[in-house]
Amino acid sequence: MRIDVFTLFPAMFRGPLDESILKRAQEQGYLQVEIHNIRDYAEGKHRITDEPPYGGGGGMIMKVEPIVRAVESVLGDDLGQIPVILLTPQGRLFNQEVARRLAGYERLALICGRYEGVDERVRQLVVTDEISIGDYVLTGGELPAMVVIDAVTRLIPGVLGARWAPDDDSHATGLLEYPHYTRPSEFRGLRVPDVLLSGDHGRIARWRREQAIRRTWERRPDLLASAPLTDEERAMIARWDAGETSSETDGE
Ligand code: SAM
């Protein structure tokens with residue numbers, strides 16, 4: 001996948017793209033990220049990229065021409081064929097489903113706003129989609145762009161390697177993920193659940209499934225309505241709702 005990022009602050013991307021899985025994904029050819037400085041597409045001696053808003057009010061607005069020029073010149077004939085995403089708190093909320101959909105594209109473009117945001121005509125001329133990473137306001141679209149790049153990249157087949165599939169992750173199944181433990185088996189009197197040491201993969205899978213449902217019930221009950229659950233699992237939740245504390249896998 002190729003991702004073109006349009007920003008006034010290219011250096012912000014250095015750390016996150018140069019470490020760990022994102023770095024390896026680029027080295028192995030799964031991911032190509034091209035960072036474009038919007039200022040390079042601004043005209044005039046001072047290459048101005050922002051101006052005060054028409055109609056008054058505080059803050060600065062990112063000018064339309066440098067952004068449109070940058071996107072058109074980089075995307076060329078691909079403009080209109082691929083998603084051009086504006087990061088904005090006014091966009092639709094980013095989640096695992098949106099990440100999965102974006103991971104299916106060969107190419108994406110991300111536009112990072114700054115200051116009070118971009119001139120509205122950017123939306124009309126080049127933007128096809130708007131994404132918010134949450135109901136709060138950041139100083140710029142660079143961190144949101146990195147969030148999108150990270151979440152999408154780990155879903156590209158092959159990036160995580162065969163033994164680490166993202167299918168069990170929180171939200172991938174419609175549930176939060178079950179708890180994890182690693183060595184040592186006991187620390188300060190806290191023991192790893194026996195079932196995980198049993199070597200019985202059937203029991204472990206049942207325990208993990210129930211723990212995922214339990215955790216979702218406790219922390220994000222809103223997710224359960226649309227989670228893919230069996231009739232027995234829904235009956236188990238009804239018993240928890242009724243105050244029963246024991247669990248199906250307690251004896252395991
Ligand atoms: N005045 C804008 C508004 O109220 O919608 C907010 C501008 S914000 C200070 C500057 C830039 O940060 C935005 O243009 C956008 O690119 C980015 N940004 C801030 N919060 C964001 C969020 N929750 N999700 C995605 N991008 C965000």
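Numbering starts at 1 and runs along the sequence shown. Atom set for the values below is all heavy atoms of this structure, side chains included, hydrogens, waters and symmetry mates excluded. Every number for a ligand or one of its atoms is a count from 1 in the order of the listing.
Ring geometry for His36 versus Phe6: interplanar angle under 30°, hence parallel rather than tilted (30 to 60°).
Remark: His201 NE2 is loosely packed, at most 12 non-hydrogen atoms of other residues, nucleotides or ligands lying under 6.0 Å away.
With sequence neighbours excluded, the residues satisfying salt bridge (charged side-chain N to carboxylate O under 4.0 Å, His left out) with Glu130 are Arg123. By the salt bridge (charged side-chain N to carboxylate O under 4.0 Å, His left out) test, Asp119 pairs with Arg121, sequence neighbours left out.
For the residue pair Glu34 and Gln32, a side-chain donor N or O sits within less than 3.5 Å of a side-chain acceptor on the partner.
Near ligand 1, residues Leu87, Thr88, Pro89, Gln90, Gly113, Arg114, Tyr115, Glu116, Gly117, Ile131, Ser132, Ile133, Gly134, Tyr136, Val137, Leu138, Thr139, Gly140, Gly141, Pro144 come within 4.0 angstrom through at least one heavy atom.
Screening residues 46-95 for ring pair (Phe, Tyr, Trp, His ring centres under 6.0 Å) gives no qualifying pairs among residues at least two apart or on separate chains.
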